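This report refers to the structure that appears directly beneath it.
Everything numeric here is computed off the predicted structure, so don't read it as measured data.
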Amino acid sequence: MNPDGRRPLRVALVAPPFFEIPPDGYGGIEAVLAQLADGLVDRGHDVTLIGAGRPGTRATFIPTFDEPQAARLGRPEPELVHTARVSGLLAELRPDVVHDHTAAGPAMARDRQLPTVITSHGPATGDWGEYLAAAHEDMCLVAISQSQMDLSPDLPWVGVVHNSLDTSDIPFREDKEDYLVWLGRLSPDKGAHLAIEVARKAGRRILLAGKCSEPDEQAHFDADIRPELGTDVEFVGEMGDRDKYDLLGRAAAFVFPLQWEEPFGMVLLEAMACGTPVLTLARGAIPEVVEDGVTGFVRQEAGDLVGALDRLDEISPAACRAHVEKRFSAARMVEGYEQVYRECIARWSRQSA
């Protein structure tokens, strides 16, 4: 029996095929999956994780590729091969519930004849929203924020489960240096170009770090970031966890003037876990993740962040860390998904009767 006294479940977690679990560097979905897999095992469930590369959690691991397919991210072939192999594996495993985190998951739910939970890790609007709507009768759809759900209220959501962050290996740092930091994927939506403007208006040095490997990311970097580099603006590239947390932990603040309806924002948790205040905009799930005046400052426009930099002494690094540990623990996320799994299984049983 698991801690709540109910029968343990046989759970199949399906990861995308592009990064290992947990990832070393970029890979927000994979980081969440690692915590979920270990947390479910710790609660007594029989968990099989299907992904690419080597095993990295306490769940039984079955790879569809010996090596992660990061170099082919954005191409359809890895997803198609992965999906076909996953289908065969699930037919053999016959778990109580499938929790699919891949792009193909919603489309495959109908043919599996298994209760399937889908987490929408990106905005459930536009083309992706239409795709989810087309598949809605055959899956249990989970939002990662209330904002994500509110933006697409007609989709068949079964609930909200916030992502989590394991802080046990993230160093906390009370004392700060003078530089600012921006970290993320080099997309205009993530606001690196605006972070540079904020830093310069405030007379502060800023370091930029993140992924710049896809064509659209490189185009944005070449057009909007590279011309701004200098003694006060430095691009340090993509980093592994150790270097990333060192960079975040030493920074005076994490400046993130994003330009889209962010469905969650894992990097926000990482910065706060390091004890670093977050300066960002009230877009998407940001007000659910960052507590204005306690773990940073949430404003309406990028220009409003300049003045907020003069108030960093009002933010306690310890309060930033405690906020993540209390609100976004792995245990809280695992319990949320366990409830969703049981509801999905019950719904499937009623529909099949």
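- No more than 12 heavy atoms of other residues, nucleotides or ligands shown are found within 6.0 angstrom of CD on E67.
- Here the closest heavy-atom approach between residue V324 and residue A273 is recorded as CG2-N, 3.8 Å.
- Salt-bridge annotation for R327 and E291: absent, with no side-chain N of the basic residue lying under 4.0 Å from a carboxylate O of the acidic one.
- Side-chain contact annotation: H220 with S187, donor-acceptor N/O pair under 3.5 Å absent.
- Remark: E77 CD is packed, more than 12 non-hydrogen atoms of other residues, nucleotides or ligands lying under 6.0 Å away.
- Interatomic distance, L13 CG to T60 OG1, rounded to the nearest 0.5 Å: 11.0 Å.
- Salt-bridge annotation for R43 and E338: present, with a side-chain N of the basic residue lying under 4.0 Å from a carboxylate O of the acidic one.
- Salt bridge annotation for D232-R204: absent, with no cationic side-chain nitrogen under 4.0 angstrom from a carboxylate oxygen.
- For R185 and E214, the salt-bridge test fails: no basic side-chain N is under 4.0 Å from an acidic carboxylate O.
- Crowding of R54 atom CZ: a count of heavy atoms from other residues, nucleotides or ligands under 6.0 Å not exceeding 12.
- Here the shortest heavy-atom pairing between G105 and Y131 reads N-OH, 4.3 Å.
- A ring-ring contact (aromatic ring centres under 6.0 Å, His included) check over residues 314-333, counting only residues at least two apart or in different chains, returns the pairs H162-F328, F264-F328, H323-F328.
- Counting heavy atoms from C-beta on, the side chains of I196 and D224 never come closer than 4.5 Å.
- Residue Q339 qualifies as open at atom CD: its count of foreign heavy atoms under 6.0 Å is 12 or below.
- Counting only heavy atoms from C-beta outward, the side chains of V233 and I225 never approach each other to under 4.5 Å.
- The environment of R242 atom CZ is sparse: at most 12 non-hydrogen atoms of other residues, nucleotides or ligands sit within 6.0 angstrom.
- Applying the ring-ring contact (aromatic ring centres under 6.0 Å, His included) test to H82 and every residue at least two apart in sequence or in another chain returns nothing.
- Put simply, the side chain of I345 reaches to within 4.5 Å of the side chain of L9, judged on heavy atoms.
- Contact of the T119 side chain with the I144 side chain is registered, since non-hydrogen atoms from C-beta on lie closer than 4.5 Å.
- Here CD1 of I170 is found 11.0 Å from CE of M272. Values are rounded to the nearest 0.5 Å.
- Remark: of the listed residues R342, R7, R6, R7 is the sole one forming a salt bridge (charged side-chain N to carboxylate O under 4.0 Å, His left out) with D96.
- Scanning both residues, L312 and A252, for their nearest heavy atoms gives CD1-O, 3.8 Å.
- The shortest heavy-atom contact between E261 and L151 is CB-CD1, 3.8 Å.
- Under 4.0 Å is where a charged nitrogen must lie from a carboxylate oxygen, and between R173 and D175 at least one such pair does.
- Between the side chain of Y179 and the backbone N or O of L247, at least one donor-acceptor pair lies under 3.5 Å.
- Between V158 and C344 there is no side-chain heavy-atom pair separated by less than 4.5 Å.
- Residues Q148 and S145 approach most closely at N-OG, 3.0 Å, considering heavy atoms.
- Listed for the S164 side chain is no donor-acceptor partner under 3.5 Å among the backbone atoms of M333.
- Between W348 and C140 there is no side-chain heavy-atom pair separated by less than 4.5 Å.
- No side-chain heavy atom of V236 sits under 4.5 Å from any side-chain heavy atom of L208.
- Although no hydrogens or angles enter the test, the distance criterion places a donor-acceptor pair under 3.5 Å between the side chain of S329 and the main chain of R332.
- Q35 places a side-chain N or O within 3.5 Å of a backbone atom of L165 that can act as its donor or acceptor partner.
- The local environment of CG in D169 is sparse, with at most 12 non-hydrogen atoms from other residues, nucleotides or ligands closer than 6.0 Å.
- Taking the side chain as every heavy atom from C-beta outward, F221 and L229 approach each other to under 4.5 Å.
- Between D138 and R112 there is no salt bridge, since none of the side-chain N atoms of the basic residue sits less than 4.0 Å from a carboxylate O of the acidic one.
- A distance of 6.0 Å separates OG of S147 from CD of E288, quoted to the nearest 0.5 Å.
- Here the side chain of D38 pairs no donor or acceptor atom with the backbone of T57 at under 3.5 angstrom.
- Within the model, atoms CZ of R250 and SG of C274 stand 11.0 Å from one another, a figure rounded to the nearest 0.5 Å.
- Residue E270 comes nearest to Y245 through the heavy atom pair OE2-OH, 3.3 Å, listed as atom of the first residue, atom of the second, then distance.
- In this structure, CD1 in I118 is found 12.5 Å from CG in L155, a value given to the nearest 0.5 Å.
- In this structure, R283 fails the cation-pi test against F256, since its NZ or CZ atom is not both closer than 6.0 Å to the six-membered ring centre and inside 45 degrees of the ring normal.
- Side chain of K211 to main chain of L186: no donor-acceptor pair is present (N/O by atom type, distance under 3.5 Å, no hydrogens or angles).
- Rounded to the nearest 0.5 angstrom, I50 CD1 and H101 NE2 are separated by 11.5 Å.
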Practice task
Could you walk me through whether W128 and E130 pass the side-chain hydrogen bond (donor to acceptor under 3.5 Å, both in side chains) test, one step at a time?
Solution key: CA-CA 5 Å; W128 182 253; E130 291 186 22; over 6 Å; no
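- Within a 6.0 Å radius of CZ in R110, other residues, nucleotides and ligands contribute 12 heavy atoms or fewer.
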